[in-house]
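Please read all numbers here as calculations on a predicted model, not as lab measurements.
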Amino acid sequence: MSEGKRTAATAWKPGQSGNPKGKPKGATNHATRMVTALMEEGAKEIAQTVVDQAKEGNLMAARLVLDRLAPPVRERSIELDLPNTGTAAGIAEAQQTVLEAVGRGELTPNEGQVLAGILEARRKALETEELERRIAALEGKQ
C-alpha cells in the first residue's frame with residue numbers, strides 16, 4: 001500500500017510557479033473589494049448619521065467627528081536659551097531655566113518634563129565622565 005505519491009500529468013513541477021507573472025501590482029483581493037464597495041455605497045449616509053448623532057449630544061459620535069476634523073497634535077519646536085551644560089553647575093542653571101519657563105507658561109508641563117529628562121541624561125553623562133577620570137587617576141597612582 002505504500003507506493004509513492006502519484007501525481008497527475010498536469011501537476012506543477014517543483015520550482016515551477018502556477019502563476020509566473022504573479023499578482024498584478026495594485027490588485028486587491030475579493031474580500032477587500034467587497035468591503036470597499038459596501039463602504040462606498042453607504043459612506044455619505046453613515047457620515048451624516050454620525051454628524052447628526054454628534055449634534056444630538058452623543059459623545060462617541062462627537063469624538064469620531066472631532067478626531068477626523070482635527071489632526072492629532074504634534075510636538076512643536078521649542079526655543080529656550082539654556083546655559084552651557086558642560087558642568088554640573090550649568091546643568092543646574094538649565095534645569096532652573098526650564099522650571100521658570102514652565103512657571104511662566106512658555107512651556108507646557110510635558111515639554112518641561114521632556115527637557116528635564118534630557119538635562120538629567122546630560123548630568124549622568126558628565127557624572128560618568130568624572131568617575132572615569134577619577135578611576136583612571138587612582139589607577140595611575142598605584
Checklist entry - Who are the side chain to side chain donor-acceptor pair (under 3.5 Å) partners of T32, not counting sequence neighbours? => result N29
Quick one: [atom1] on [X] to [atom2] on [Y], what's the gap to the nearest 0.5 Å?
X	Y	atom1	atom2	result
E127	E120	CD	CD	8.5 Å
R122	K124	CZ	NZ	14.5 Å
L107	I78	CG	CD1	5.0 Å
E106	E100	CD	CD	9.5 Å
R133	E129	CZ	CD	6.0 Å
L82	Q96	CG	CD	12.0 Å

Checklist entry - Is the number of heavy atoms from other residues, nucleotides or ligands under 6.0 Å of D81 CG greater than 12? => result no
Item to check | Heavy atoms of other groups near E130 CD, more than 12 under 6.0 Å | outcome: yes
Shortest non-hydrogen contact from [X] to [Y]?
X	Y	result
T85	A94	CG2-CB, 4.1 Å
G90	P83	O-CG, 3.7 Å
A101	L80	CB-CD1, 4.0 Å

Next on the checklist: So I135 and E139, do their side chains get closer than 4.5 Å, heavy atoms only?
Outcome noted: yes
Next on the checklist: Show every side chain to side chain donor-acceptor pair (under 3.5 Å) that has at least one partner inside residues 51-63, sequence neighbours left out.
Outcome noted: Q48-D52, Q53-N58
Checklist entry - Is there a donor-acceptor pair closer than 3.5 Å between any side-chain N or O of R123 and the backbone N or O of I91? => result no
